Amino acid sequence: MAEIVAADDIREAFSQAMSAMYQQEVPQYGTLLELVADVNLAVLEHHPKLHEQLANADELARLNVERHGAIRVGKASELATLRRMFAVMGMHPVSYYDLSQAGVPVHSTAFRPVDDASLCKNPFRVFTSLLRLELIENEVLRKRAATILEKRNIFTPGCLALLDLHARQGGFTQTEASEFVREALETFRWHRHATVDHETYLALHNEHRLIADVVCFPGCHINHLTPRTLDIDQVQSLMPEYGIEPKVLIEGPPRREVPVLLRQTSFKALEEAVSFTGREEGTHTARFGEIEQRGVALTPKGRALYDRLLAEAGTAKDNLTHQFHLQEVFKAFPDSEMLLRHQGLAYFRYRLTPTGEAHRQSFGPGDDPQPLIERGWLMAQPITYEDFLPVSAAGIFQSNLGNETQQRQHGNASRASFEQALGAAVLDEFELYQAAEDRSKRRCGLL
Ligand code: OOG
Ligand code: NI
């Protein structure tokens, strides 16, 4: 067989193709990319230290290609095929998110690269949600939705054939890889022709807007793509100048010296023309834009503290009050790399400096890294958080479902049924971060 293409290269090509397609479909996304690029450039110019840190941690190159997308599917077989499709691109399911607790009838995972080199090259992630039909209370409607979904195939025959070929060959040639990207893209394209009549659409929509979004179309259109910014407050405040109306609140932790986890905001979904099968014309509102600022990944201890403080803070009506209040409450969360390390709240990647290399024989496994850092032998770099936050995700969902929080009693977390649909267990994000930290310590001779 001719030389096989690396999964990282297929992911890179796919992520670029998705971005190009979404720019055509949702022009405001293109504007958002420009705004984010402008702000990132200004931040790097004004903060040489941050510039240097990002460059040292190999984060600078990935910044401009970095984004995540989100999709929603309706049945188990669709989720299982997506898993195979993303695996070809070196993306694996990480974490389980139960959003039913926030009144959103889905549960989700994120497909993303997991090893250091792949993350460094292009950390493209896709937040993928599976509709939980069992949460539709109206039995007639539930059955109607299931029948509609049963009939559809969201993958092209070409894509399915290539997945089989990949399994047989163990890889793709360059030609096959390009064809795969082209075919795979079709699944995520927007279709203005619904698969149902207007009445069915409205019935499902009345049950929950999300159900109509998942059930009534022939594909699982990408509903947003999210670039990474270095200053989300700045982008949020500049959005109106660029003709974009942001969501009211920035989700996640407050602004800090050492950013943690993930802060996100989005702009409102567009109202798009749709033709229904009975030739009726109507509209559908689902696709939007989002930006995010990523910080350091937290350990289970750090995450528990984050969850507790976030719950304690609650939400205010406007962003200024909300952020101010968050900052007050988060005073209880140490805000220096040293304290985060010392208290075991966050993950770090260790590297020896040239002087450290020269003194390798002076320290060994189990030694405390802190004195070595102070001596300038060792550097500790925050490990970037690569995952998502369920409370933030619920806020993003809700702002694009028209803010009507449909709080209901929903079933318990149902991870087992999700994994069964997926055809695999999801990976544990904490184990992945811990493994990355451990690998780096071992390379330095500290483990
Ligand atoms: C996914 C919403 C969650 C995020 O960044 O937290 C999400 C969706 O609307 O389908 O993308
Ligand atoms: Ni998102």
Side-chain angles (χ1 to χ4, degrees), residues 15 18-19 22 26 28-29 32-33 36 66-74 78-79 82 86 91 93-112 123-132 154 187-188 190 208-217 219-229 232 235-236 246-247 249-253 261-270 272 284-295 306-307 310 384-406 418 429:
S15 139
M18 284 277 259
S19 184
Y22 204 58
V26 179
Q28 274 194 322
Y29 163 67
L32 195 64
L33 284 183
V36 167
E66 176 157 356
R67 54 187 81 90
H68 83 252
I71 53 174
R72 306 153 182 172
V73 292
E78 293 172 346
L79 185 65
L82 283 172
F86 287 128
M91 297 158 76
V94 180
S95 283
Y96 171 74
Y97 304 91
D98 177 19
L99 291 155
S100 68
Q101 280 149 355
V104 184
V106 301
H107 45 181
S108 322
T109 190
F111 290 97
R112 67 161 177 91
F124 186 55
R125 333 164 171 81
V126 179
F127 191 89
T128 304
S129 301
L130 175 65
L131 182 63
R132 296 178 69 182
I154 62 172
T187 296
F188 307 104
W190 168 247
H208 198 299
R209 197 191 292 212
L210 195 72
I211 300 174
D213 183 57
V214 176
V215 175
C216 302
F217 297 90
C220 63
H221 41 257
I222 176 96
N223 69 53
H224 64 277
L225 272 180
T226 304
R228 177 175 167 193
T229 175
I232 197 166
V235 177
Q236 169 97 352
K247 156 181 192 309
L249 298 185
I250 297 179
E251 301 283 346
L261 297 173
L262 175 63
R263 301 181 71 206
Q264 296 174 299
T265 182
S266 57
F267 66 72
K268 294 281 159 57
L270 315 177
E272 295 174 277
H284 181 61
T285 316
R287 300 182 327 136
F288 58 99
E290 184 193 46
I291 51 164
E292 63 189 15
Q293 181 170 357
R294 290 190 174 261
Y306 169 77
D307 286 336
L310 192 75
T384 300
Y385 188 58
E386 307 286 355
D387 294 289
F388 294 87
L389 300 170
V391 175
S392 301
I396 300 280
F397 264 111
Q398 277 154 1
S399 92
N400 286 288
L401 300 169
N403 267 344
E404 82 271 36
T405 36
Q406 292 169 310
F418 183 85
E429 59 179 75

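For reference, positions follow the sequence shown, starting with 1. Quick caveat: nothing in here was measured; it's all calculated off a predicted structure. Atoms within a ligand are numbered from 1 in the order they appear, just like the ligands themselves.
Applying the salt bridge (charged side-chain N to carboxylate O under 4.0 Å, His left out) criterion to R125, with sequence neighbours excluded, gives E66, E292, E386.
R294 forms a cation-pi arrangement with F388, by the criterion of a distance under 6.0 Å to the ring centre and an angle within 45° of the ring axis.
At a threshold of 4.5 Å between non-hydrogen side-chain atoms, the residues Y306 and L261 count as touching. Two residues are said to be in side-chain contact when any heavy atoms from C-beta on lie closer than 4.5 Å; T128 and F86 meet this criterion.
Between Y29 and F288, a ring centre-to-centre spacing not shorter than 6.0 Å is recorded. Remark: aromatic rings of H107 and Y96 are close, center separation under 6.0 Å.
With rounding to the nearest 0.5 angstrom, the CD1 atom of I291 is 9.5 Å from the CZ atom of R263.
The closest approach between a heavy atom of E251 and any atom of ligand 1 is not below 4.0 Å.
For ligand 1, the polar-atom distance check finds an N/O of N223 within less than 3.5 Å of one of the ligand's N/O atoms. Where the criterion is an N or O separation shorter than 3.5 Å, residue side chain and backbone included, S129 fails it with respect to ligand 1.
For A70, every heavy-atom contact with ligand 1 shorter than 4.0 Å involves the side chain, none the backbone. No part of E292 comes within 4.0 Å of ligand 1, judged by heavy-atom distances.
E290 has its closest N, O or S atom to the Ni ion (ligand 2) at the position named OE1. Taking the Ni ion (ligand 2) as reference, H224 places its N/O/S atom NE2 nearest.
In the vicinity of F388, heavy-atom distances shorter than 4.0 Å reach the ligand 1 atoms 4 (C), 5 (O), 6 (O). Against a heavy-atom cut-off of under 4.0 Å, E290 is close to the following atoms of ligand 1: 4 (C), 5 (O).
The option from R72, Q264, H68, H224 that lies nearest to atom 10 (O) of ligand 1, judged by heavy atoms, is R72.
Looking only at heavy atoms of the protein, atom 3 (C) of ligand 1 is closest to A393 CB, 3.6 Å.
Although no hydrogens or angles enter the test, the distance criterion places no donor-acceptor pair under 3.5 Å between the side chain of E290 and the main chain of I396.
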